[in-house]
Amino acid sequence: NVVYLDDVLSAAVDKTYDIICQKSPDLEDKRAAAEMVGVGAVIWSVLYQSRIKDTSFSWAKMLNFDGETGPYAQYTHARCCSVLRKAGGYDRASVDVSRLDDAFAQALLKAMAGLPDAVLAAANKNEPFLIARQVIAVCAAFNKFYYEQRIMHDDPAVRNARLALCDAARQVIANGLYLVGLAAPERM
């Protein structure tokens, strides 16, 4: 049987649209989000594995918003954007990075710092999965930080530093997604 890529992409967008309608019924442009996430899920599923490994195709795995998937990375980017929107911004000029001394912030900083090395290794080895895996590491570290630390802390200096870290994570995730050909939606 021959399956055309156009058919796979259309099915991915349709299935993603159904998921978005269930999870985010109030989202304004569901079709555009479904296009970004559905196409991204297909691209990610191909690029997340080493070129020399066999892969098995699974809609459920590919379109999962949890785990090591494109939708998970895109959702984490959208979560960062949501936090920044709700905060109404932060003071970039007065970020005190010494306030990021907890283990979760440090783990996120370490994961973000690993992206340049992953990009270089991916270019040298012609293996884009190295970038995708590092993006997932950043997303996992951000989500742990998000759940374990109160970003909107009562102390303005801590809040400002955590918002700056959130913004940095958003940018790193967006850069990584761009490098593997995925869009970075601001809302999902």
Side-chain angles (χ1 to χ4, degrees), residues 16 23 33 36-51 53 61-87 89-90 92 95-153 158-188:
T16 303
K23 292 188 175 210
M36 284 189 271
V37 176
V39 171
V42 174
I43 293 169
W44 187 272
S45 70
V46 172
L47 296 181
Y48 193 71
Q49 302 298 322
S50 172
R51 292 178 297 122
K53 294 203 175 185
K61 184 178 177 186
M62 182 186 310
L63 297 175
N64 194 343
F65 282 69
D66 296 315
E68 300 174 348
T69 66
Y72 170 74
Q74 290 172 311
Y75 182 75
T76 302
H77 178 269
R79 172 175 278 160
C80 292
C81 293
S82 175
V83 168
L84 294 166
R85 260 193 319 277
K86 288 177 184 173
Y90 63 97
R92 293 174 189 254
V95 174
D96 180 4
V97 293
S98 70
R99 300 299 187 122
L100 300 173
D101 58 354
D102 63 272
F104 301 104
Q106 292 295 309
L108 177 53
L109 287 165
K110 184 177 179 181
M112 291 188 309
L115 186 63
D117 289 337
V119 170
L120 183 60
N124 289 335
K125 296 177 182 179
N126 294 318
E127 289 286 10
F129 84 91
L130 296 169
I131 297 170
R133 300 254 167 138
Q134 192 61 41
V135 169
I136 289 297
V138 173
C139 292
F142 174 79
N143 283 311
K144 279 188 178 183
F145 171 74
Y146 176 84
Y147 285 114
E148 298 295 335
Q149 297 297 332
R150 189 163 168 240
I151 295 174
M152 298 305 290
H153 198 275
V158 173
R159 178 176 54 246
N160 200 51
R162 289 180 179 172
L163 287 169
L165 182 59
C166 181
D167 195 21
R170 177 200 59 77
Q171 188 61 60
V172 168
I173 294 167
N175 291 349
L177 289 172
Y178 171 78
L179 290 171
V180 294
L182 272 70
E186 293 185 10
R187 297 175 193 262
M188 284 178 61

Paired with Asp167, the salt bridge (charged side-chain N to carboxylate O under 4.0 Å, His left out) test is passed by just one of Arg92, Arg85, Arg162, namely Arg92
Measuring from atom CD of Glu68 to atom CH2 of Trp44, what distance do you get when rounded to the nearest 0.5 angstrom? 9.5 Å
Can you name the closest pair of heavy atoms from Phe145 and Phe104 and give their distance? CA-CB, 3.9 Å
Is any side-chain heavy atom of Thr76 closer than 4.5 Å to one of Tyr72? yes
So, for Val119 and Leu179, which heavy atoms are closest and what is the spacing to 0.1 Å? CG2-CD1, 3.6 Å
When you look at Arg79 and Asn143, which way does the side chain to side chain donor-acceptor pair (under 3.5 Å) test go after all the steps? CA-CA 9 Å; Arg79 172 175 278 160; Asn143 283 311; 2.7 Å; yes
Spacing of OH belonging to Tyr146 relative to CD1 belonging to Ile151, to within rounding of 0.5 Å: 7.0 Å
To the nearest 0.5 Å, atom NE2 of His153 lies from atom CG of Asn160 at 13.0 Å
Any chance you could measure Ile173, atom CD1, to Leu182, atom CG, to the nearest 0.5 Å? 12.5 Å
Under a 4.5 Å cut-off applied to non-hydrogen side-chain atoms, are Cys166 and Phe142 in contact? yes
Over all atoms of both residues, closest heavy-atom pair of Val95 and Ala161: CG1-CA, 4.1 Å
Tell me whether the count of non-hydrogen atoms from other residues, nucleotides or ligands lying under 6.0 Å of CD in Glu186 goes above 12. no
Nearest 0.5 angstrom please: Met188 CE to Lys23 NZ, how far? 9.0 Å
I want to check something: taking the side chain as every heavy atom from C-beta on, are Arg187 and Cys81 in contact at a cut-off of under 4.5 Å? no
Spell out, as yes or no, whether a donor-acceptor pair under 3.5 Å connects the side chain of Gln74 to the backbone of Ala183. yes
For the residue pair Asn126 and Pro128, what are the closest heavy atoms and their distance? O-CD, 3.7 Å
Nearest non-hydrogen partners of Ala111 and Gln134, listed with the distance: O-NE2, 2.8 Å
Which pair of non-hydrogen atoms, one from Ala118 and one from Ile131, has the smallest distance, and what is that distance? O-CG1, 4.0 Å
Side-chain contact test, heavy atoms from C-beta onward, threshold under 4.5 Å: evaluate it for Val135 versus Val180 and give yes or no. no
Got a second to check how far Leu165's CG is from Arg170's CZ, nearest 0.5 Å? 12.5 Å
